[in-house]
Amino acid sequence: MTNQEITDILVHISQILDIQGENPFKTRAYLRAAQTISSLTFQLNSLENRKEIGKLPGIGSGIAKKIEELLETGKLGYYEDLKKSKYAPLTEFLKIPGIGPKHARLVHDKLGIKTVEELEKAAADGKLRVLPGLGEKAEKNILQGIQQMRKYKERFPLAFIYPRAMAILEDLKKLKEIKKITIAGSLRRMRDTIADADVLAVSDNPEKIMEAFINLPQVAQVVAHGHTKSSIVTKDRFQVDLRVVGAESFGAASHYFTGSKAHNIRIRSLGVDKGLKINEYGVFRKDKRIAGKTEEEVFSSVDLPYIPPELREDRGEIEAAQKGNLPSLVEARYIKGDLHVHTNWSDGNNTIEEMAMAARRKGYHYVAICDHASSMGIVHGLSAERVQRQIIEIRKVNKNFKNFRVLCGTEVDIKPDGELDLDSDTLRALDIVVAAVHSKFTQPEKEMTRRIVRAIENPSVHIIAHPTGRIIGKREPYEVDMDKVMDACKANGKILELNAYPERLDLSDIHCRKAKEKGIKIAISTDAHMTDHLEWISFGIATARRGWIEPKDVVNTMTLAKLLNYLRH
DNA sequence: GCCGTTTTCGGCCCGACTGTTTTCAGTCG
């Protein structure tokens, strides 16, 4: 049983208990345990890890026992019983925005409603309005919520939301009443997918801002409209929440709205321990504000150093901060080159020279041209002979540069049996060999793992590109044992790519952290197919930061000389 | 259900908005 499966079961347990009306702190305990497990960098099902379960944060003897039962037998008696509860099917209702555990239970108990379809019909027929606490408006909202759930249930890739949220920020900035404005929420934490965009502004005239916000041209629907907080859905179908506070509260509000929720709860609990109340307006002792203007003040009020947004997931960052062990995360300024870009020699849009110029404009010291070597026609993969010609061309281009180097590389296919799509003599002639799976994604885990491990063991290979093959929102990662892949990388001194292509971000943050723990080096590369794509490096850096990656963990922070030396050895 | 250099019992983060209510419960983040 995988961590993900255990997580799903714990969440489901929490939801059923919630609907049953259990003690909310108990249901939250299950959620917290689920969150802990979902962010582990190791699988619980390996034997040596099982003893540690009870020591994990938020997992005590009760839940630890349940997890052990799941690992041991693949089933959990407690959960099997819960699933028989008449309330178990109602967890589907919780996916409907505006419906929580209380209303889910209410419509079931009073009207016998068991499915979303029945709920929709009851709302349409005006049967909900007679229930205590519900009215006509609630009926309408539930109908709307059901439609919204069906339409917008997905999360959006970070790179889809990011520019659109920035555009809204720019629009709002034009208002003279706005003194400060920033993104917050999962967008600021740079999660790989985003459900909605949070924006925070400082103003003395919040109502004016609200008015302007809900009348932006991008707005398709106004979800909520209050004095200091409003929510809209854009024509691109994602929700934006805007909150306005006073300047004295900006730090506290930034911290609060950036989250994560789990991180906030921990910080506020630390505050409670010190007799402080922390909310979005500031840090208070009794009624006296003692901090809140900056995030640094908020952290410092609970004796912590500043914690970067990307780390705020309650995945150990608070403990690390308390011990003074926070990582010094990688930043854009450390990146000295891009180790995976394409040109019009294969499926890219620009020439070698154009890509090189663009990389140099970014201040890079090098760029590796890694066009496809593939028997798949669609990418115009290079044959061995064309690789030789490209090497000559790159040498020519390099004569035009000083203090900048175009590296000869390839993105060679890993065939289903683990062989590469270029001969080893050709591969040896290159500065850098990036190998990747581009076909037969559906191999069983054992075969896929063996396939990739064979490529890692191939002495010509330096880097494994987009190691899990996921396309966010479109394709699940292929079935591969990343522990074995990483162990092979460690044993053979090979590098894993963090592909910054916005729909990939592969490695994920969790895998980055695992790689770091195992001492494996990362290459943050864009896989750019045109010059503009070089900018995507920022999404890769953000994902790396979420994985606690420091400059020393990243090969493309090395100088050219060091990098070439590293690749040769 | 978890957790503890104040605690092994009694706490557990905090507030805005909505809709249905006359003071609040439910939902959300």
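Order of the sequence lines fixes the chain letters, A, B, ..., with proteins taken first and strands second; residue numbering starts at 1 for each chain. Being a predicted model, the structure only gives us computed values, none of them experimental.
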### Task
Apply side-chain contact (heavy atoms from CB on, under 4.5 Å) to A:M210 and A:H225, showing your working.
CA-CA 7 Å; A:M210 291 296 123; A:H225 179 198; 3.9 Å; yes
### Residue A:Y281, side-chain atoms from C-beta onward, closest of B:dG1, B:dT20, B:dG15
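Closest of the options to the side chain of A:Y281: B:dG15.
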Please check if the side chain of [X] supplies one atom and the backbone of [Y] the other of a donor-acceptor pair under 3.5 Å.
X      : Y      : answer
A:E550 : A:S328 : yes
A:N45  : A:M1   : yes
A:N3   : A:F42  : yes

In whole Å, what is the span from the [atom1] atom of [X] to the [atom2] atom of [N]?
X      : N      : atom1 : atom2 : answer
A:F213 : B:dA16 : CZ    : C1'   : 15 Å
A:L17  : B:dC2  : CG    : P     : 12 Å
A:K140 : B:dG19 : NZ    : P     : 9 Å
A:E22  : B:dC2  : CD    : P     : 13 Å
A:H255 : B:dG15 : NE2   : C1'   : 16 Å
A:H227 : B:dC17 : NE2   : C1'   : 10 Å
A:E136 : B:dT20 : CD    : P     : 8 Å
A:N23  : B:dC3  : CG    : P     : 15 Å

### For B:dG10, the Watson-Crick or wobble counterpart (both distances under 3.5 Å)
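Across any shown strand, B:dG10 pairs with B:dC3.
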### Query
Looking at residues at least two apart in the chain, or sitting in another chain, which of them share a side-chain hydrogen bond (donor to acceptor under 3.5 Å, both in side chains) with A:Q35?
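Counting only residues at least two positions away or on another chain, A:Q35 forms no side-chain hydrogen bond (donor to acceptor under 3.5 Å, both in side chains).
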### Query
Would A:E295 and A:H255 count as having a side-chain donor-acceptor pair, cut-off 3.5 Å?
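Per modelled atom types, A:E295 and A:H255 side chains form no pair under 3.5 Å.
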Span that lies between the [atom1] atom of [M] and that of [N], in whole angstrom:
N      : M      : atom1 : result
B:dG26 : B:dT22 : P     : 13 Å
B:dC13 : B:dC17 : P     : 22 Å
B:dT23 : B:dT18 : C1'   : 15 Å
B:dT20 : B:dT27 : C1'   : 14 Å
B:dG10 : B:dG15 : P     : 26 Å
B:dT7  : B:dC12 : C1'   : 13 Å
B:dG1  : B:dT6  : P     : 28 Å

Under-4.0 Å side-chain N/O to phosphate OP1/OP2 contact, [X] with [N]:
X      : N      : result
A:T228 : B:dC17 : yes
A:N264 : B:dC13 : no
A:R243 : B:dC17 : no
A:N141 : B:dG19 : yes

### Task
Could you tell me whether A:K26 and A:E22 make a salt bridge, using a distance below 4.0 angstrom between a side-chain N and a carboxylate O?
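A salt bridge is present here (some side-chain N lies under 4.0 Å from a carboxylate O).
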### Message
Under a 4.0 Å threshold between the charged nitrogen and the carboxylate oxygen, would A:D314 count as salt-bridged to A:R32?
### Response
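A:D314 and A:R32: salt-bridged.
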### Task
Decide, for B:dT6, between syn and anti: a glycosidic angle within 90° of 0 counts as syn, anything else as anti.
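It is anti.
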### Query
In B/S/- notation, 5' to 3', how is nucleotides 21-29 of chain B contacted by protein heavy atoms closer than 4.0 Å?
-----SSSB
### DNA chain B: 5'-proximal contact among A:R32 and A:K137 (nearest heavy atom)
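Its nearest nucleotide being more 5', the pick is A:R32.
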### Task
Please tell me which of A:V223 and A:G54 maps to the more 5' nucleotide of DNA chain B, matching each residue to the nucleotide holding its nearest heavy atom.
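Looking at the nearest nucleotide for each, A:G54 comes out on the 5' side.
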### Message
Once you apply a heavy-atom cut-off of 4.0 Å, does A:K274 come out as touching a base, just sugar-phosphate, or nothing?
### Response
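Contact class for A:K274: none.
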### Query
NA contact type, A:I63, heavy-atom cut-off 4.0 Å: base, sugar-phosphate, or nothing?
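The answer is sugar-phosphate, as A:I63 gets under 4.0 Å only of primed atoms, P, OP1 or OP2.
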### Inter- and intrachain pairs under side chain to side chain donor-acceptor pair (under 3.5 Å), touching residues 239-250 of chain A, at least two apart
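Matches after skipping sequence neighbours: A:S231-A:D241, A:Q239-A:D241, A:R243-A:E280, A:R243-A:Y281.
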